[in-house]
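Note sheet for the following structure.
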Amino acid sequence: MDRFLWTSGLLEINETLVIQQRGVRIYDGEEKMKFDTGTLLLSTHRLIWRDQKNHECCMAIPLSQIVFIEEQAAGIGKSAKIVVHLHPAPPNKEPGPFQSSKNSYIKLSFREHGQIEFYRRLSEEMTQRRWETMPVSQSLQTNRRPQSGRIRAVGIVGIERKLEEKRKETDKNISEAFEDLSKLMIKAKEMVELSKSIANKIKEKQGDITEDETIRFKSYLLSMGIANPVTRETYGSGTQYHMQLAKQLVGILQVPLEERGGIMSLTEVYCLVNRARGMELLSPEDLVNACKMLDALKLPLRLRVFDSGVMVIELQSHKEEEMLASALETVSEKGSLTSEEFAKLVGMSVLLAKERLLLAEKMGHLCRDDSVEGLRFYPNLFMTQS
Amino acid sequence: MAMSFEWPWQYRFPPFFTLQPNVDTRQKQLAAWCSLVLSFCRLHKQSSMTVMEAQESPLFNNVKLQRKLPVESIQIVLEELRKKGNLEWLDKNKSSFLIMWRRPEEWGKLIYQWVSRSGQNNSVFTLYELTNGEDTEDEEFHGLDEATLLRALQALQQEHKAEIITVGDGRGVKFF
């Protein structure tokens with residue numbers, strides 16, 4: 001919370017507004033602040049928050065202070081949030097609402113929605129880093145808060161610029177590292193050292209892992225495409241990616257499911273989905289993880305695992321147990337059926353036909369005849385006949 | 001008793017020859033098998049059998065239907081019969097068994113009832129007299145095999161209603 005600077009809220013030359021959103025509250029770490037209703041503005045250079053009731057109360061964080069951002073989905077009675085992890089405040093930072101803070105992150109709560117688009121735009125700005133290529137004039141740093149009467153020190157701008165250059169240098173280093181694989185190994189080595197030191201600290205329970213180390217570690221993980229472990233804990237077994245994927249699956253699978261009687265094996269789903277995607281194919285693992293979230297997200301599909309281990313996707317409206325009555329009828333009509341014969345009659349895949357017959361057996365409607373001729377199912381006369 | 005054996009409907013039902021995985025179904029299936037084994041052995045006056053014989057016997061092998069109860073399942077049926085008191089293994093290897101369509105206790109009761117009815121308590125009989133004597137011609141236990149008879153008498157002995165004794169060079173029983 002101490003990374004904020006007071007500001008007039010006016011944009012500078014070369015600074016453009018990207019998006020704004022009303023109804024945003026700020027949290028210092030997990031604590032609610034008195035800054036509870038404001039307009040949040042995203043520019044190419046900064047994140048600005050202005051109190052809706054008192055326009056003079058206006059503060060900003062330069063985007064360069066942001067390490068990385070996360071989304072936190074809405075819950076019951078809770079608005080969606082964006083968590084913004086920040087670098088430590090530079091030593092000669094301009095005055096702001098707080099001199100110090102124990103937290104290295106803030107949360108922005110979108111009480112009037114708009115979080116999804118804002119997050120998207122903020123992510124874009126973080127990627128493009130336009131503030132580096134479009135320097136703004138000195139007055140960006142001006143403290144215009146009337147009551148405090150502080151004087152802007154000239155040297156601060158110079159220090160800011162130096163920090164800027166250092167960051168550019170680091171970025172350049174990273175780019176160079178990628179050019180040559182051996183250089184990449186060196187960079188990787190740093191990360192390995194860091195993770196070793198953290199692992200050791202955990203093992204020996206010596207000292208605390210510093211805030212800074214944690215942030216660095218998390219951002220390394222994210223840049224490698226490993227979802228933030230904190231996120232995984234927040235959402236249980238899923239991640240943001242799997243949640244989005246689950247929602248996508250509903251769109252792709254609704255119609256095919258209805259065409260196939262409301263149920264499909266997971267392998268059929270895998271083929272169908274990847275054929276539909278064309279590129280950026282899904283791994284089986286990602287598909288399974290996304291499907292595991294279907295029920296939790298209250299989507300109209302669900303994942304079901306039969307006793308045999310076969311996994312299927314069903315429409316929520318599909319009731320396999322009700323199918324059993326008609327399965328029994330079909331078998332009774334023909335006297336007895338194998339899975340293949342049943343599948344052909346009903347127009348199902350043999351795998352799902354077998355599962356249905358096995359379920360009917362489990363429920364006591366059918367019994368089996370297992371011989372060299374194969375496995376056949378009969379109506380369960382043991383129960384129905386005296 | 002009619003010599004033509006009437007097979008139960010299950011005998012013509014192929015699933016009868018597959019041990020059912022569903023527990024409730026299996027219970028019914030095994031009960032039907034036990035009943036079939038006992039009535040078959042009763043009609044054919046078969047009081048003992050080996051497992052090998054059983055496998056090939058029409059009892060477990062329906063040639064017309066082309067179905068046989070596998071030997072592991074036969075073992076399970078026999079174990080059920082043993083638990084119910086209708087079967088006793090004759091050897092340690094469980095290769096041959098005694099099959100009693102009535103449990104020894106039930107036979108004992110019938111015999112003792114006849115003894116009491118005919119006022120013959122405190123009499124002594126040879127085993128042969130009991131099962132083959134003129135006096136018992138109308139009785140159910142007439143013609144009963146010796147092995148089963150002995151066990152019936154042992155059951156009575158337990159209840160202090162009889163005592164197995166030696167009579168001449170054979171065995172007999174005294175009733176109380």
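Here is the naming used below: chain letters follow the sequence lines, and residue numbers restart at 1 for every chain. Below, all heavy atoms of this structure are taken into account, side chains as well, without hydrogens, waters or symmetry copies.
- Two residues are said to be in side-chain contact when any heavy atoms from C-beta on lie closer than 4.5 Å; A/Ser371 and B/Phe17 fail this criterion.
- Within a 6.0 Å radius of CE in B/Met52, other residues, nucleotides and ligands contribute 12 heavy atoms or fewer.
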Please assess A/Gln385 against B/Gln10 for the test side-chain contact (heavy atoms from CB on, under 4.5 Å), listing each intermediate value before the final yes or no. CA-CA 10 Å; A/Gln385 234 164 285; B/Gln10 289 97 331; over 6 Å; no

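- Within the 4.5 Å cutoff, side-chain heavy atoms of A/Phe382 are placed close to those of B/Pro15.
- No more than 12 heavy-atom neighbours from other residues, nucleotides or ligands sit within 6.0 angstrom of CD1 on A/Ile116.
- Not a single donor-acceptor pair under 3.5 Å links the side chain of B/Gln20 to the backbone N or O of A/Cys367.
- Atom OG1 of residue B/Thr25 and atom NE2 of residue A/His365 lie 10.5 Å apart, to the nearest 0.5 angstrom.
- At a 4.5 Å heavy-atom cutoff, the contact between B/Phe13 and chain A is made by side-chain atoms alone.
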Given B/Arg67 and A/Asp369, is the side-chain contact (heavy atoms from CB on, under 4.5 Å) satisfied, shown in steps? CA-CA 9 Å; B/Arg67 293 284 186 277; A/Asp369 164 40; 2.7 Å; yes

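- Heavy atoms from other residues, nucleotides or ligands lying under 6.0 Å from CD of A/Glu258 number more than 12.
- B/Asn22 places a side-chain N or O within 3.5 Å of a backbone atom of A/Glu361 that can act as its donor or acceptor partner.
- Between B/Pro21 and A/Arg368, the closest side-chain pair of non-hydrogen atoms falls below 4.5 Å.
- Shown here is A/Arg302, whose CZ atom has more than 12 heavy atoms of other residues, nucleotides or ligands within 6.0 Å.
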Pair B/Trp9-A/Leu381, side-chain contact (heavy atoms from CB on, under 4.5 Å): steps then yes or no: CA-CA 10 Å; B/Trp9 67 266; A/Leu381 299 181; 3.6 Å; yes

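- Side-chain atoms of A/Met383 and B/Gln27, non-hydrogen and from C-beta on, never get closer than 4.5 Å to each other.
- For B/Tyr128, the OH atom counts as loosely surrounded, since its 6.0 Å shell holds 12 or fewer non-hydrogen atoms of other residues, nucleotides or ligands.
- At most 12 non-hydrogen atoms from other residues, nucleotides or ligands lie less than 6.0 angstrom from CD of B/Gln158.
- The contact between A/Asn380 and chain B is made entirely by side chain atoms (from C-beta outward), counting heavy-atom distances below 4.5 Å.
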